[in-house]
Engineer: 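Got a structure here, written out as structure tokens. Questions coming.
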Amino acid sequence: MCGIIGYVGKNNAKDVIISGLYALEYRGYDSSGIAYNAQNKIKIVKMEGKVANLEKKLKENNDIPNIGIGHTRWATHGKPNETNAHPHKEGITTLVHNGIIENYLELKHKLSKYYKFKSETDTEVACALIDYYVKKENNKLEALKMAQKEINGSFAFAIIFDDELNSIYIMRKDSPLIVAEKDNNYYVASDIAAILSYTNKYYLLDQGDIAKISDKIYFYDKELNSITKEINEYRGTINDVMKNGFDHFMLKEIHDEITVYKNIIRSYIPNLNINDLKKNFGNFSKYHKITIVGCGSAYHTGLVAKYLFEEFANIPTNVEMASEYRYKKIFPSKNELVILISQSGETADTLEAARIAKENKMDTLGIINVLSSSIARESNKVIYCLAGCEIAVATTKAYLAQLLILSLLSILMAYERGKISKNEANNYLKDLTKLQKDTKDIINNKEYYKEIAKDFYKDREMFFIGRNIDYGLCMEASLKMKEISYIHSEAYAAGELKHGTISLIEDNMVVFGIVTDSSIAPKTISNLKETKARGSKMILVTNKEIANNYENDNSYRFKIIVNKLNPFFQSLTIITTMQLISYYVALLKGENIDQPRNLAKSVTVE
Ligand code: AGP
């Protein structure tokens, strides 16, 4: 949710921390702050709004500290303002935090005998708790161990103590935190994006781990046993976190989709052959039921994949929102596979869903983008979707990479169950070449989608309607439109509309009809026409084969037509067109496309 960065070394900590906070800004961008050593005292500077405000403020002094911690915030407790911004200081303890302290009111009550609280935050309470134990135990590590035992919730902390201004202490539970060293410079960060310009090698802290960073990194587990850590290597480059000349990360990441497909083919199906999938994905023949769990767009990949698993592999497939799944009664069954979908691999609800599935003795498969992230580490098996760093809050390439992995998995499971022959499976896989070409053509033709967006970017509401697999596509197309353009769009099952919601249709209201399944195309078309009868502007989104059946029908405002592809891959090109439409609507409205209001890239709180 929030972004944390820390630095100890030879360079100016202010510079390292500010560039790190810019790279982490997609995690939360309503206020930011820094604490560093100035003339042997801790100095704290905080600002409301973007990191640029903090950078400007810091330019007012000539401090050149060699140690510091920084934070960019997505407010959970208390308004986004300077007082609630991090770092927080109590006694000799100064810290930044990512996560939520669920029992902070109880702790606040206990500590209010000793501490005065200035902010509305849970973090300030955790700061006081740690300071309380530092005084009580007269030992920093013991204090962190004690505090950890008392805190309920999720946390990643970076801490500097007044009486030890050459060290940073860190600890985590649930919220992500990495640490790295390069040429005696030490870095702490919420994710690799913040330190990629210095190194791509890093250590991961496991649940409850504590570390002290000064002249070297000292790792401890939650019982303060000294531990060693394996080094991890990020496979991408600094280019992954640069715009490379694009106006927005979102447009750059849409352009990356072709490379992402290449990555997936190269890694999992180099010969475009079912044997590759058997070798690289493994064997899934023992599963009789699938439950797909995720949040937001990750959940939406499940809504599409459900039809592929059920139609082609004949496996009953449930799709669950993780925030509902974690609190509802579940009926675990033998040979049920729980597939967890997540770009960040840190989404709190999906992480908890993974744990619940394991507690109920179900196998878990993570389809994850971020390497070694929590959900990846806690799943029995993980298939990485190889989309590289995704910075724009609205997911594009990672959504499509997850959907492609699910589509390939459904081909493998259909083959394993003899629902499709080896030839059929290989013929489907051969279409991956067409998928790359079609996606390239759509992206090269992006100005066409800008022209379409010009027609309705000022609208306040619109609909996306479709049936079965297309309804799943509507859910994602509508979310993309909502989250970056703030137009109140709604995805609706086409056949459901006339049972009430059609009352919302007014003159000139845009209604997208997504139609990729020719067997039910006429049904969705009739539903689209029912809205036309009430004044809507219909936009047909379909493939060439279906469009041919309606070529003489000029009642559509626009027809967005992609090349025909087999049902396993058709969804991917359809969604690329919808991503471009949303991008241009938001661009024409002048919205902040990469950092939409009220959102953050990785939701590490409930
Ligand atoms: C999508 O554009 C949003 N950023 C959001 O819905 C996202 O898909 C959701 O928060 C899940 O994130 P995850 O894939 O990192 O778990």
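Atoms within each ligand, like the ligands themselves, are counted from 1 in listed order. Everything numeric here is computed off the predicted structure, so don't read it as measured data. Below, all heavy atoms of this structure are taken into account, side chains as well, without hydrogens, waters or symmetry copies.
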Engineer: May I ask you to test the L251-K446 pair for a side-chain heavy-atom distance under 4.5 Å?
Structural biologist: yes
Engineer: Can you list, by chain and residue number, every protein residue with a non-hydrogen atom closer than 4.0 Å to ligand 1?
Structural biologist: C295, G296, S297, A298, S342, Q343, S344, T347, V393, A394, T395, L479, K480, E483, V603
Engineer: Between S373 and E346, do the side chains contain a donor N or O and an acceptor N or O under 3.5 Å apart?
Structural biologist: no
Engineer: For residues V393 and Q595, report the shortest heavy-atom separation together with the two atoms involved.
Structural biologist: CG2-CA, 4.4 Å
Engineer: Under the salt bridge (charged side-chain N to carboxylate O under 4.0 Å, His left out) rule, collect the residues that match up with E336, sequence neighbours excluded.
Structural biologist: K289
Engineer: Take T516 and D470, measure what side chain to side chain donor-acceptor pair (under 3.5 Å) needs, and give me the verdict at the end.
Structural biologist: CA-CA 7 Å; T516 65; D470 298 327; 2.5 Å; yes
Engineer: Ignoring hydrogens and geometry beyond distance, is a side-chain donor-acceptor pair present between S297 and K480 at under 3.5 Å?
Structural biologist: yes
